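Not measured: the values here are computed from a predicted model. Per chain, numbering begins at 1; letters A, B, ... match sequence-line order.
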Amino acid sequence: MSSTTNSSIRVRFAPSPTGHLHLGGARTALFNALFARHHGGKLVLRIEDTDRERSTESSITAILDGLSWLDLSWDEGPFYQTRRLDRYRDIAFSLLSSGHAYRCDCSPEELDERRSAAMKMGLPPRYDGRCRDRSIPPDRPHVLRFRTPENEPIVFHDLIRGELSFDSAVLDDLIILRSDGFPTYNFAVVVDDVDMNITHVIRGDDHINNTPRQIPIFRALSQKMPAFAHLPMIYGPDRTRLSKRHGATSVMSYKEMGYLPQALVNYLVRLGWSHKDQEIFSRDELVRYFDLDHVGSSPSVFNPEKLLWLNAHYIKNSPAPDLVPLLREQVRDLRDPLPQAADTAHWESLTNSLKARSRTLVELADSARPFLESRLVIDPEAKIKVLTFENLPVLEHLALALRSLSDWTPESLRNVFTQVGEALHKKLGDLAQPVRVALTGGTVSPGIFEVLLLLGRTVSLSRLDHGIKMVQEDSDQGATH
RNA sequence: GGUCCCAUCGUCUAGUGGCCUAGGACGCUGGCCUCUCACGCCGGAAACACGGGUUCGAACCCCGUUGGGACCA
């Protein structure tokens, strides 16, 4: 165990900018951030952009956007590996002069050939070390290879998995500096982790096999090693690594689908980590409770249903004033708004009426539209089922009674429905449904009195009249046939 | 193919040798509430991969098998 004191804990999140921030990366970032906050340490953001083929500027922006949407902040950086190339070269050459590295001028073609020859003979396709003791002049094209110590077992203690050991015989002399002067992945990572004083490397377990390649470099550099913690992968439903073909994997696509960042964070944190039976965590609780000792070691399958449930939970339990700006964003394209759409109080009571019925902000917006726009689209099925000739008396009686109402309060509205119900020998349910379809266009909505109140007298009466007219026209047509 | 990792309900997980006739959550499902739909509440079905050990006792420790996955090519 390391003797590091809490205040000096330093972790890093080190994405490659080759695409959006995906769920696995987001969880790695989250665990690093929570670990840092919990221990009062620092989080360093490092962009590993040495793969010039695949790294893009827009990916960097996308990753930063994703982190900020999730409200994950870092303390230092972002540092870019491409701006540290001189540093990697310096260290590589210092390893050359200390004898830990050597020049190699084997061509890719030769290496390929030897690799396939080895595989044909059933041998592992590793570099045979033939340049180890040749002295290749520096003016010839060459790479720098690390002289991997032989017969030295590599054992380290993983904070999540315990002791992990590898046989150094399977490690070959990896290239640390390419002929174009670019460092290789495993080398740059070690130089960075040393330079940035990283105390805990928390990363996906797809890097577990990189660790034994990195450890000898730490040793050659005479640097003390960070502690390692390898997080289990997140799988898709088919139990392979989560990827695009499993649907939405980018963090920002969840924003577009109307998810709250708290819901996604809460979902991701429970993938691999637990705190007894608790499912819902505030950010404060997360910081307080999170630690590596309750991170599991087995991979988990991404479950969109549970995420949806969490999202519904967060929507339902958010105060309306927090939700209203998000709702406004969803309905920016409002056409022909109702007068009350200018009133913040209307947005808030609307949100209060709808939030327990919405699992996403998109659903919230869809159900809010009839209360914000003048234009009302009547669902054809609802019309056929509910806006029938049999229900015409219900609508007419209610319209008449409502029109003569002097006030427009829950009590008076309820009285009207009760009286009309008694006169027509109908139950409240028989009255509410036709009104609901006439007023909202569908069979699903908040309570009918809430709807009446939300819409207000003028809009309610005109939609009711319009509904009555529609039924009359339909029955006229039916009569002529 | 080589190396490494993993294994509790369909899924996320609790569980660190006796508290387990295995707990919670999502989903599914029966009911209650009810003007619709939700929300909420109450109930149900549903798992320790298999085989050996160790131990008085194993979901928990060890070994093997099987299955899955990652990495390197």
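- Near RNA chain B, defined here as any heavy-atom distance below 4.0 Å, the residues from residues 250-276 of chain A are A:Arg270, A:Leu271, A:Gly272, A:Ser274, A:Lys276, listed numerically.
- The pair A:Asp379-A:Lys385 does not count as a salt bridge, with every side-chain nitrogen at least 4.0 angstrom from each carboxylate oxygen.
- Every side-chain hydrogen bond (donor to acceptor under 3.5 Å, both in side chains) that A:His313 has, sequence neighbours left out, goes to A:Asn317.
- Taking 4.0 Å as the cut-off between side-chain N and carboxylate O, A:Asp284 and A:Arg37 do not count as a salt-bridged pair.
- Taking atom P in both B:C32 and B:A22, the straight-line distance is 29 Å, to the nearest Å.
- Taking atom C1' in both B:C61 and B:C48, one finds a spacing of 15 Å when rounded to whole Å.
- In this structure, A:Arg457 does not pair ionically with A:Asp407, as no charged nitrogen and carboxylate oxygen lie closer than 4.0 Å.
- Residues passing the side chain to side chain contact (heavy atoms under 4.5 Å, CB included) test with A:Arg463, sequence neighbours excluded: A:Leu338, A:Pro370, A:Leu376, A:Leu439, A:Leu455, A:Val459.
- Searching all strands for a Watson-Crick or G-U wobble partner of B:U55 with both distances below 3.5 Å returns nothing.
- Side-chain N/O atoms of A:His294 include one lying less than 4.0 angstrom from OP1 or OP2 on B:G15.
- Look at B:C33: it lacks any Watson-Crick or wobble partner with both distances under 3.5 angstrom.
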Can you give me the N/O atom pairs linking the protein to nucleotides 7-10 of chain B at distances under 3.5 Å, or say none if there are none?
none

Identify the pairs formed between an N or O of the protein and an N or O of nucleotides 39-43 of chain B at a distance under 3.5 Å, and give each distance.
from	atom 1	to	atom 2	distance (Å)
B:C39	O3'	A:Lys316	NZ	3.0
B:G40	OP1	A:Lys316	NZ	3.1

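- Figure legend. B:G2 is base-paired to B:C71; pairs are counted as Watson-Crick or G-U wobble with both atom distances under 3.5 Å.
- Under a 4.0 Å N-O distance rule, the pair A:Asp193/A:Arg12 qualifies as a salt bridge.
- Applying a 4.0 Å cut-off to non-hydrogen atoms, the residues of residues 422-437 of chain A that approach RNA chain B are A:Leu428, A:Gly429, A:Ala432, A:Gln433, A:Arg436, listed by residue number.
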